[in-house]
Structure formats: structure tokens, C-alpha cells
2 protein chains.
Amino acid sequence: MSPANPNAEKSPVLESGAVPQGGSASPGGTSRLRVAVPSVATRVATELRLQIAEGALPPGTKLKEEALSDELGVSRNTVREAFAELASERLVVRQPNRGVFVASLGVTDIHDVYTVRRAIEVSAVRGGGSPERIAAVRAAVEEGKHAAAAGDSEGLGSANQHFHGALVALASSERLDTIMSQVLAEMRLFFHKAAVDGGFYQDYLADNEQICQALEAGDTELAAERLLSYLDRSEEHQTAVHTS
Amino acid sequence: MSPANPNAEKSPVLESGAVPQGGSASPGGTSRLRVAVPSVATRVATELRLQIAEGALPPGTKLKEEALSDELGVSRNTVREAFAELASERLVVRQPNRGVFVASLGVTDIHDVYTVRRAIEVSAVRGGGSPERIAAVRAAVEEGKHAAAAGDSEGLGSANQHFHGALVALASSERLDTIMSQVLAEMRLFFHKAAVDGGFYQDYLADNEQICQALEAGDTELAAERLLSYLDRSEEHQTAVHTS
DNA sequence: GATATCCGGAACGTTCAACGATTCAGCAAT
DNA sequence: ATTGCTGAATCGTTGAACGTTCCGGATATC
């Protein structure tokens with residue numbers, strides 16, 4: 001029956017999201033001169049990803065596929081596919097016959113995530129990178145400084161993410177980039193609780209500066225060392241916040 | 001039609017595949033005392049994964065979802081979900097409106113994969129591990145020796161995969177394990193062509209032994225160094241084989 | 001004869017409706 | 001208080017349908 005969907009403006013959320021994210025780790029991996037608009041399922045996934053990242057869907061929230069299906073104006077099957085995408089990124093967990101829930105990470109998960117970060121970021125920094133990539137790191141540092149000057153703690157957080165994303169981008173590895181972007185997405189899951197702590201962002205700005213300087217000086221070993229100590233300190237801080 | 005499928009039953013492939021793989025990085029991540037039988041889509045995915053790994057579905061093969069749907073006796077939607085799972089592991093690539101194909105990796109992909117391996121494996125080795133984990137590494141080494149003694153080149157390859165899997169298992173990181181298992185799955189994609197080369201497996205057996213000994217001696221730095229040189233040599237070999 | 005255009009089939013993307021299976025909550029029975 | 005049952009809600013899976021996109025071949029044109 002065609003009249004079932006008379007083009008009603010049911011899905012304002014979806015139509016707006018036509019933004020082609022130029023991020024380093026876009027999931028449309030087979031981009032070989034192809035204009036193809038992202039699939040509907042993909043758009044649903046990015047929308048949910050966004051809502052999870054900004055805290056609109058706090059960890060533990062149950063995502064009912066039927067509710068979402070008609071809230072977004074898409075079929076239940078499509079929502080299901082979006083769930084599969086998010087589940088592969090560990091942003092949601094699927095419990096058979098019970099539903100999908102926004103992932104909520106425990107202390108062990110925090111340690112786990114930082115283990116991955118230590119492996120990937122340190123390795124990328126050790127290998128150094130082209131001047132352009134290092135310039136991108138510098139740009140992220142400056143972005144953080146500007147955000148700090150403007151008192152924009154929101155922008156400060158994302159600048160930090162850009163910084164660490166730029167670090168792994170040094171390796172020029174497509175796979176490493178996607179892994180890192182997923183890890184960063186996971187970190188946003190428990191960043192909301194940590195954001196309340198004000199004295200946190202101050203010192204790592206200096207850390208980033210130090211790391212960047214070491215990189216620009218060509219001393220990748222020193223940069224790696226500083227990064228490692230930063231990661232250890234950051235993990236310690238996060239675990240402290242989440243063991244209340 | 002599948003080439004090696006004498007059993008013309010409706011869905012022989014699926015019913016047989018009830019094997020619970022005890023691997024370190026089973027994809028059913030939320031397994032916390034839950035008996036739940038894997039979803040049908042998951043079973044289809046593992047079946048396809050297996051056929052891809054053993055070369056029954058060579059890279060570049062087009063996977064028609066309708067053909068697979070009635071060959072496996074499941075719905076087209078289910079096959080679709082299995083595709084999503086495999087696509088998230090980079091085992092297949094989706095080309096919009098054209099279909100999914102078994103991933104075929106080029107030289108740049110080889111370098112990329114080895115970049116990930118360098119990051120993950122070296123980091124895990126550097127961090128050392130509990131005696132039990134090191135014992136698992138030793139077990140993988142012995143498994144390789146036995147396979148070599150028996151002239152089983154098939155078992156030799158899988159033993160090597162177990163070895164490197166055991167290396168990252170040193171870090172006791174769930175996420176690192178799954179990443180590594182996906183990387184190893186990707187490696188199987190271009191291992192078939194390299195398997196013809198006979199003189200390849202000989203030397204890395206000694207390498208594994210050396211790495212393991214360094215680990216057992218507690219010299220993680222030496223182990224990491226040896227591993228790194230092995231990975232470089234292995235990448236060189238693989239690229240040489242694949243630039244014919 | 002070579003190039004361009006058009007057209008039909010094949011496969012994919014998405015939707016819809018339905019049925020069985022599983023889980024949970026509440027209530028009844030012991 | 002514990003156990004067992006019943007029913008509602010939701011998930012898992014299926015099947016069919018329609019529009020869209022892509023590919024290959026036939027036709028038309030130069």
C-alpha cells in the first residue's frame with residue numbers, strides 16, 4: 001500500500017544529518033570517487049552515535065527498536081542494522097531477546113581502553129610522521145589553547161580528542177585511525193561524568209604542548225615517553241573519578 | 001553454487017556449525033554466564049567467515065544475498081545482518097547497490113595490517129604478562145614444532161596465528177584481543193597465496209622460539225625487539241609475494 | 001564501423017506485516 | 001516466603017513487495 005507513507009515529515013532528525021563528515025576515519029571505506037549518499041541505516045547509526053556521544057542517551061539506556069523505528073520514520077529492520085553497526089563499535093551491547101542498551105563501562109573497561117590507547121598512540125608517535133601530520137598535531141594543540149582561552153570546556157574536550165586522533169594519524173594507517181576513532185567514541189561514554197571536574201583540563205594542555213614540541217624537534221622517543229606518562233596519569237584520574 | 005558442496009541438502013552448512021570456538025577473542029563479547037545460543041545471523045556470519053578463511057571463497061568473490069539466503073535456508077534479511085557483521089571486520093566490502101564482495105587486499109593494505117600488528121603485538125610484549133600467559137605462548141611454540149615435525153603446513157600456519165594471538169593475550173585486554181583476532185582474520189585473506197612458498201615457515205619457527213625464550217627470561221625489551229624485526233621481515237616477505 | 005543512447009533485467013536498499021520464541025512482571029497456589 | 005503459572009511486551013526471523021541503481025545488450029546515429 002503506497003498511502004502508508006504520504007511523505008509526512010516524520011523524521012526531522014534524519015533529514016538534517018546530511019553532513020559528510022570529513023573525519024580521518026569515515027566508515028565509508030570504499031570511497032573511490034563515489035558520490036553515494038550514506039545508506040539510511042548508516043544515517044540512523046550516526047544519529048544514534050551522536051546522541052550517545054553528547055549524553056542524550058546515557059549509558060544503560062534501553063533502545064527499543066520499535067520505538068526508534070517510528071520515531072525516526074524508518075523501518076524496524078533498518079534500525080536493527082544500525083544497531084549492528086553500533087554494536088560492532090561497542091557503543092551498544094546486545095542482549096539476546098532482551099534488547100540493546102547503551103554501553104556502560106566499568107573500571108575494568110577503563111583500564112582496557114587505556115591499554116589500547118597506550119598500544120596505538122605510543123606506537124604511532126614512536127614512528128614519527130610527515131611534517132604535514134605533525135602540523136595537524138600542532139593545530140590540535142592550538143585549538144585546545146583557543147578553547148581554553150574562551151572558557152569553552154566542551155571545545156576543550158573535543159580539541160583533546162583531535163589531538164590524540166592526530167597522534168595516531170601520524171602512522172598514516174587507515175586501520176589504526178578507525179580503531180582510534182572507535183576508542184575515542186568509547187571514551188566519550190564515560191567522559192560526561194569526568195567533565196564536571198574542572199581542574200582536569202588545565203594540566204594536560206601543557207602535556208600536549210610538550211608532546212608536540214618533542215615531535216617537532218624530531219625526538220619521537222621523548223614524545224612517546226611523555227605521552228605514555230600522560231596516558232598513565234589520565235587513566236589514574238579516570239579510574240579515580242569512576243570509583244566513587 | 002559452492003564448489004565443494006556435495007551435500008545438496010537445504011541447509012547442511014548451518015546445522016553442522018554448532019562448534020563453540022574456545023578462542024580467546026570470541027565475538028560474543030557479552031558472555032557473562034549466559035547460555036544463549038548464537039543468533040542465526042551470527043551463525044551465518046561464522047560460517048561465511050570460515051569459508052573465507054579456508055579459501056573456499058577467494059577474495060573478490062561476489063556474495064549475492066538472495067543466492068546465499070536460500071542456499072543456507074535463511075531469510076535474505078538475516079544474510080544481510082551477517083554481511084554487516086563481516087563488513088565491520090573488513091572481511092567483506094560493501095559496494096552500494098552492487099553487492100558485497102570478499103575483501104581483496106592490496107599492497108597498501110598489507111603495510112597497513114602490519115602497522116597495526118606492530119603497534120599491538122609489540123606493546124603487549126613490552127608489558128610482559130603473567131606466567132600462565134607466557135606458558136600459553138610457549139604452548140603455541142611447541143604446537144608449531146609438532147606441526148613442523150609432522151609436515152603439516154596447514155597446522156603450522158594456525159600455530160603461528162596462535163602464537164601471535166598468545167602474544168597480545170599477554171596484555172589481558174579484551175579489546176586488544178578482538179582487534180588482533182580481526183587482524184589475523186584479515187591476514188588469512190592473503191595467506192593462501194603465500195602458502196605456496198615452502199621456505200617461509202622454516203625460519204620463523206626459530207624466531208618464535210627466540211621471542212618466547214626472551215619472554216620466559218623476563219627480558220621483555222629483547223622480546224619486543226626480536227618481534228619487531230620479525231614483523232618487518234614478515235611484511236617484507238608478504239609484499240614481495242604480492243607484487244608479482 | 002565506432003560511438004552514443006536507450007531499454008530491460010538483475011540485484012540491492014528499504015519497507016511492511018506477520019508469527020514464533022523469549023523474557024519479565026505480576027499474581028495465584030502451595 | 002517460595003514456587004509455579006499466565007500474559008504482555010519485545011525480540012528474532014521470515015516472506016513478500018516496491019523503488020532504485022547498476023550493468024549489458026540492442027538500437028540508433030554519425
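Order of the sequence lines sets the chain letters (A, B, ...), proteins ahead of strands, with each chain counted from 1.
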**Asked** Taking 4.0 angstrom as the limit, do Glu89(A) and Arg49(A) come out as a salt bridge?
**Response** yes
**Prompt:** What integer distance in Å separates Leu63(A):CG from dT10(D):P?
**Reply:** 13 Å
**Prompt:** Rounded to whole angstroms, how far apart are CD on Glu66(A) and C1' on dC16(C)?
**Reply:** 12 Å
**Message:** Using only atom types and a distance under 3.5 Å, with no angle test, would you say the side chain of Asn160(A) pairs donor to acceptor with the backbone of Gly157(A)?
**Reply:** no
**Item:** Residue Asn77(A), side-chain heavy atoms: nucleotide from dT14(C), dT13(D), dG12(D) that is nearest
**Value:** dT13(D)
**Prompt:** Where the side chain of Val40(A) is concerned, which of dC11(D), dA11(C), dT14(C) is the nearest nucleotide?
**Reply:** dT14(C)
**Message:** Just the rounded figure in Å: distance from P of dA11(C) to CD of Glu71(B).
**Reply:** 14 Å
**Prompt:** Is there side-chain contact between Leu105(B) and Asp112(B), with heavy atoms separated by less than 4.5 Å?
**Reply:** no
**Prompt:** Could you state the CD-C1' distance from Gln95(B) to dC22(D), rounded to the nearest angstrom?
**Reply:** 11 Å
**Request:** Could you state the atom-to-atom distance from CG of Leu68(B) to C1' of dA11(C) in whole Å?
**Result:** 13 Å
**Prompt:** Counting only side-chain N and O atoms of Ser39(B), is one of them less than 4.0 Å from OP1 or OP2 of dT13(D)?
**Reply:** yes
**Item:** OP1 or OP2 of dT15(C) under 4.0 Å from side-chain N/O of Thr78(A)
**Value:** yes
**Asked** So, Arg76(A) and Glu66(A), do they make that salt bridge, N to O below 4.0 Å?
**Response** no
**Message:** Check this one for me: any side-chain N or O of Arg98(A) less than 4.0 Å away from OP1 or OP2 of dT22(C)?
**Reply:** no
**Prompt:** To the nearest Å, how far apart are Phe101(A) CZ and dT23(C) P?
**Reply:** 13 Å
**Request:** Send over the distance from Glu81(B) CD to dG13(C) P, rounded to a whole Å.
**Result:** 14 Å
**Message:** Side chain of Lys64(A), heavy atoms from C-beta onward: which of dT15(C), dT10(D), dC12(C) has the nearest atom to it?
**Reply:** dT10(D)
**Asked** dT15(C), dG12(D), dT14(D): which one has an atom nearest the side-chain heavy atoms of Arg80(A)?
**Response** dG12(D)
**Message:** Can a side-chain donor-acceptor contact be found between Gln182(B) and Glu186(B) if the only test is distance below 3.5 angstrom?
**Reply:** no
**Fill in**
Taking for Asn97(A) and for Arg76(A) the nucleotide of DNA chain C with the nearest heavy atom, the one nearer the 5' end belongs to Arg76(A)
**Item:** Atom-pair distance (CG on Asp70(B); C1' on dA16(D)), nearest Å
**Value:** 14 Å
